[in-house]
Peer 1: 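Got a structure here, written out as structure tokens. Questions coming.
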Amino acid sequence: MPYSGQAMQQKALTDYIFTSESVSEGHPDKICDRISDAVLDLYLKADPYSRVACETLVTTDTVVIAGETRGPESVTKDDIEQAARDAIKKIGYDQEGFSYKTANVKIKLHAQSVDIAQGVDEGTGVDKDEGAGDQGIMFGYACKETDALMPAPLHYSHQILRRMAEDRQSGKLIGIEPDSKSQVTMEYKNDRPVGVKSVVVSTQHADGLSQDDVKDLVRPYIAEVLPEGWMPAEEELYVNPTGRFVIGGPVGDAGLTGRKIIVDTYGGAAPHGGGAFSGKDPTKVDRSAAYIARYLAKNVVAAGYAEGCTIQLSYAIGVSKPISVYLNTHGTGTAPETVIVDALQQLVDLRPRGIREHLKMNKPIYERTAAYGHFGRTPTDDGGFSWERTDLVDELQRIVG
């Protein structure tokens, strides 16, 4: 049920075809996201109130880590380098041209700007709360297309690659290397997904495997993930359509943090404010406000007030309260949108500190978000993916009625 562009302003088509893509943890951009979040977790483990804005670049045999931090001196350059190497090792890169053992890791982190800090730090006196770490707009979305309340094309694109990665790392899937992409094209009738038209998977593989060999390895994962009866026709199953994908990862293409923001969110089925997530601590509303917006939208849908819900929040740097709160149920609402918005703001403090405390975000829980989507995941006992809880449903129903 995509609601982007003009569909936000007018009734969308009810029958259509829509596509979303995912990329694996071994994609060059995702390597960067993971390293940036590993550095963030390193700082938050040492001090939960550390400030981090970490960007990473990877290319052949090289990792460059740059950005701003404010945290304990106990976190050293050696610690940061080791965190990067550990992230690369967990992904599975020990190849000629890019290996956790031999990569040249360059660290160019420096102190957070005092001009930014003075607007973000909590002050004294009336209304001197923590300000937002930047201006910007953030969106959250949820819909009833899957049990995870996520758009179906993105959900299944993620699951195909995630299952392949799990078996690759366990040793069950031999011949497939870390760098992969997937793409699922779905058919919709009356705004509901009814089947899969085509699937594309491009995956790095061992030398010596033919295109047919790789297709035989990949096909079972597609069949496992898609609902029964949704497997596309064989001629609509595109695996390594160029025929060969041996050179991959940072050897084949440079990577940067934050270059897969649509993969990270809703696969193009909903708007995106433009800000990336990885490497940013919770004072950066690019991340924390996008997470709380997803949380609110998911609870609205889970409570039965909409088939699909988009929420937008906006902030000004140094100002604690949101500048605006917008909600759209796209014509599927079962209660007035103004009533729902008021109820949400009664239940959740949308100032940066309120968001952080409500979702318990000052924990080293971010490296695991770096691949296969920040949303549609399962909350964990240590507070990870807390924004995926639906614990507002009862109170929301009590207030809205």
Peer 1: To check you understand the geometry: which heavy-atom pair defines the closest contact between R389 and N299, and what is its length?
Peer 2: O-ND2, 3.1 Å
Peer 1: Tell me the side chain to side chain donor-acceptor pair (under 3.5 Å) pairs involving residues 53-66, sequence neighbours left out?
Peer 2: S36-T56
Peer 1: Do the side chains of W230 and Y156 get nearer than 4.5 Å, heavy atoms only?
Peer 2: yes
Peer 1: Does E234, at its CD atom, have more than 12 non-hydrogen atoms belonging to other residues, nucleotides or ligands within less than 6.0 Å?
Peer 2: yes
Peer 1: Shortest non-hydrogen contact from L226 to M231?
Peer 2: CD1-CA, 4.1 Å
Peer 1: Hey, are the side chains of M186 and K197 touching, using non-hydrogen atoms and a 4.5 Å cut-off?
Peer 2: no
Peer 1: To the nearest 0.5 Å, tell me how far I176 CD1 sits from L209 CG.
Peer 2: 7.0 Å
Peer 1: Name the one of H158, R162, E25 that satisfies side chain to side chain donor-acceptor pair (under 3.5 Å) with Y372?
Peer 2: E25
Peer 1: Might you work through the side-chain contact (heavy atoms from CB on, under 4.5 Å) test for Q211 and R244, ending with a clear yes or no?
Peer 2: CA-CA 7 Å; Q211 184 180 21; R244 177 179 168 86; over 6 Å; no
Peer 1: State whether the side chain of D37 and the backbone N or O of G279 hold a donor-acceptor pair below 3.5 Å, judged by distance alone.
Peer 2: yes
Peer 1: Would you check, one step at a time, whether the test side-chain contact (heavy atoms from CB on, under 4.5 Å) holds for I160 with V184?
Peer 2: CA-CA 10 Å; I160 291 166; V184 173; 4.1 Å; yes
Peer 1: If you measure from the Lys or Arg side-chain nitrogens to the Asp or Glu carboxylate oxygens, is any gap between D286 and K284 under 4.0 Å?
Peer 2: no
Peer 1: Is there a donor-acceptor pair closer than 3.5 Å between any side-chain N or O of D167 and the backbone N or O of K172?
Peer 2: no
Peer 1: By side-chain contact (heavy atoms from CB on, under 4.5 Å), which residues pair with S20, not counting sequence neighbours?
Peer 2: F18, P153, L154
Peer 1: Is the ring pair Y266/Y141 parallel, tilted or perpendicular, if the boundaries are 30 and 60 degrees?
Peer 2: perpendicular
Peer 1: Distance-only, no hydrogens or angles: does the D15 side chain make a donor-acceptor pair with backbone N or O of D191 under 3.5 Å?
Peer 2: no
Peer 1: Does I247 have more than 12 heavy atoms from other residues, nucleotides or ligands lying within 6.0 Å of its CD1?
Peer 2: no
Peer 1: Can you find a pair of side-chain heavy atoms, one from K144 and one from T332, that are under 4.5 Å apart?
Peer 2: no
Peer 1: Over all heavy atoms of both residues, which pair between C54 and I65 is shortest? Give the atoms and the distance, please.
Peer 2: SG-CG2, 3.5 Å
Peer 1: Are D264 and K30 ion-paired here, with the side-chain N under 4.0 Å from a carboxylate O?
Peer 2: yes
Peer 1: For the CG atom on D147, are there more than 12 heavy atoms of other groups (residues, nucleotides or ligands in this structure) within a distance under 6.0 Å?
Peer 2: no
Peer 1: Please list all pairs meeting side chain to side chain donor-acceptor pair (under 3.5 Å) that have one or both residues in residues 333-347, counting only residues at least two apart or in different chains.
Peer 2: T329-E337
Peer 1: Do we see a donor-acceptor contact under 3.5 Å between the side chains of D78 and T76?
Peer 2: no
Peer 1: For D212 and S210, run side-chain hydrogen bond (donor to acceptor under 3.5 Å, both in side chains): C-alpha distance rounded to whole Å, both residues' side-chain angles, the deciding distance at 0.1 Å, then the answer.
Peer 2: CA-CA 5 Å; D212 287 340; S210 69; 5.2 Å; no
Peer 1: What pairs of residues pass the ring-ring contact (aromatic ring centres under 6.0 Å, His included) test when at least one of them lies in residues 64-94, not counting sequence neighbours?
Peer 2: Y93-F98
Peer 1: Which value, rounded to the nearest 0.5 Å, describes the distance between L149 atom CG and T390 atom OG1?
Peer 2: 8.0 Å
Peer 1: Pair T69, D281 - check side-chain contact (heavy atoms from CB on, under 4.5 Å), show working.
Peer 2: CA-CA 10 Å; T69 65; D281 73 78; over 6 Å; no
Peer 1: Write out all pairs satisfying ring-ring contact (aromatic ring centres under 6.0 Å, His included) with one or both partners inside residues 287-325, taking only residues at least two apart or from two chains.
Peer 2: F277-Y291, Y291-H374, Y291-F375, Y291-W387, Y295-H358
Peer 1: Contact between I311 and L344 at the side-chain level, heavy atoms closer than 4.5 Å - yes or no?
Peer 2: yes
Peer 1: Could you tell me whether the side chain of S24 and the main chain of S180 form a donor-acceptor pair under 3.5 Å?
Peer 2: yes
Peer 1: Take atom NZ of K321 as the centre, draw a 6.0 Å sphere, and report whether it contains more than 12 heavy atoms from other residues, nucleotides or ligands.
Peer 2: no
Peer 1: Looking at D391 and K298, does any basic side-chain N land under 4.0 Å from a carboxylate oxygen?
Peer 2: no
Peer 1: With a 3.5 Å distance limit and no angle check, can you tell me whether D41 reaches the backbone of Y366 through a side-chain donor-acceptor pair?
Peer 2: yes
Peer 1: State the OG1-NE2 distance between T265 and H272, to the nearest 0.5 angstrom.
Peer 2: 4.0 Å
Peer 1: Find the distance between CD (E177) and CD (Q204) and round it off to the nearest 0.5 Å.
Peer 2: 5.5 Å
Peer 1: Please collect all salt bridge (charged side-chain N to carboxylate O under 4.0 Å, His left out) contacts where either partner lies in residues 179-188, sequence neighbours excluded, each pair once.
Peer 2: E21-K181
Peer 1: Taking C-beta and beyond as the side chain, do V251 and Q95 meet within less than 4.5 Å on heavy atoms?
Peer 2: no
Peer 1: Say whether, by atom type as modelled, one donor and one acceptor occur between the side chain of R85 and the main chain of Y100 under 3.5 angstrom.
Peer 2: yes
Peer 1: Please identify which of these residues, L57, I35, N104, meets the side-chain contact (heavy atoms from CB on, under 4.5 Å) condition with V63.
Peer 2: I35
Peer 1: State whether E388 and R294 are salt-bridged, where the test is any N-O pair (Lys NZ or Arg NE/NH1/NH2 against Asp/Glu carboxylate O) under 4.0 Å.
Peer 2: yes
Peer 1: When rounded to the nearest 0.5 angstrom, what distance separates CD in Q135 from OG in S314?
Peer 2: 9.5 Å
Peer 1: How far apart are the closest heavy atoms of P178 and G92, and which atoms are they?
Peer 2: CG-O, 3.8 Å
Peer 1: Can a salt bridge be assigned to the pair E81 and K77 using a cut-off of 4.0 Å between side-chain N and carboxylate O?
Peer 2: no
Peer 1: Is there side-chain contact between K90 and Q169, with at least one heavy-atom pair below 4.5 Å?
Peer 2: no
Peer 1: Evaluate H330 against T310 for side-chain contact (heavy atoms from CB on, under 4.5 Å), listing each step before the verdict.
Peer 2: CA-CA 8 Å; H330 311 287; T310 298; 2.8 Å; yes
Peer 1: Between D29 and K260 (side chain of the first, backbone of the second, donor and acceptor by atom type, cut-off under 3.5 Å), is there such a pair?
Peer 2: no
Peer 1: Short question: side chain of D33, backbone of G258 - any donor-acceptor pair under 3.5 Å?
Peer 2: yes
Peer 1: Say whether, by atom type as modelled, one donor and one acceptor occur between the side chain of R287 and the main chain of K280 under 3.5 angstrom.
Peer 2: yes
Peer 1: Does the side chain of P352 come within less than 4.5 Å of V285's, by heavy atoms?
Peer 2: yes
Peer 1: Identify the heavy atoms of I31 and G26 that sit nearest to each other, and give their distance.
Peer 2: CD1-O, 3.6 Å
Peer 1: Looking at every heavy atom in both V239 and V214, which two are closest together, and how far apart are they?
Peer 2: CG1-CG1, 3.8 Å
Peer 1: Could you tell me the separation between the NE2 atom of H27 and the CD1 atom of I91, rounded to the nearest 0.5 Å?
Peer 2: 12.0 Å
Peer 1: Under a 4.5 Å cut-off applied to non-hydrogen side-chain atoms, are L296 and L350 in contact?
Peer 2: yes
Peer 1: Keeping D94 on the side-chain end and K89 on the backbone end, is there a donor-acceptor pair under 3.5 Å?
Peer 2: no
Peer 1: Ion pair present between D79 and K45, side-chain N to carboxylate O less than 4.0 angstrom?
Peer 2: no
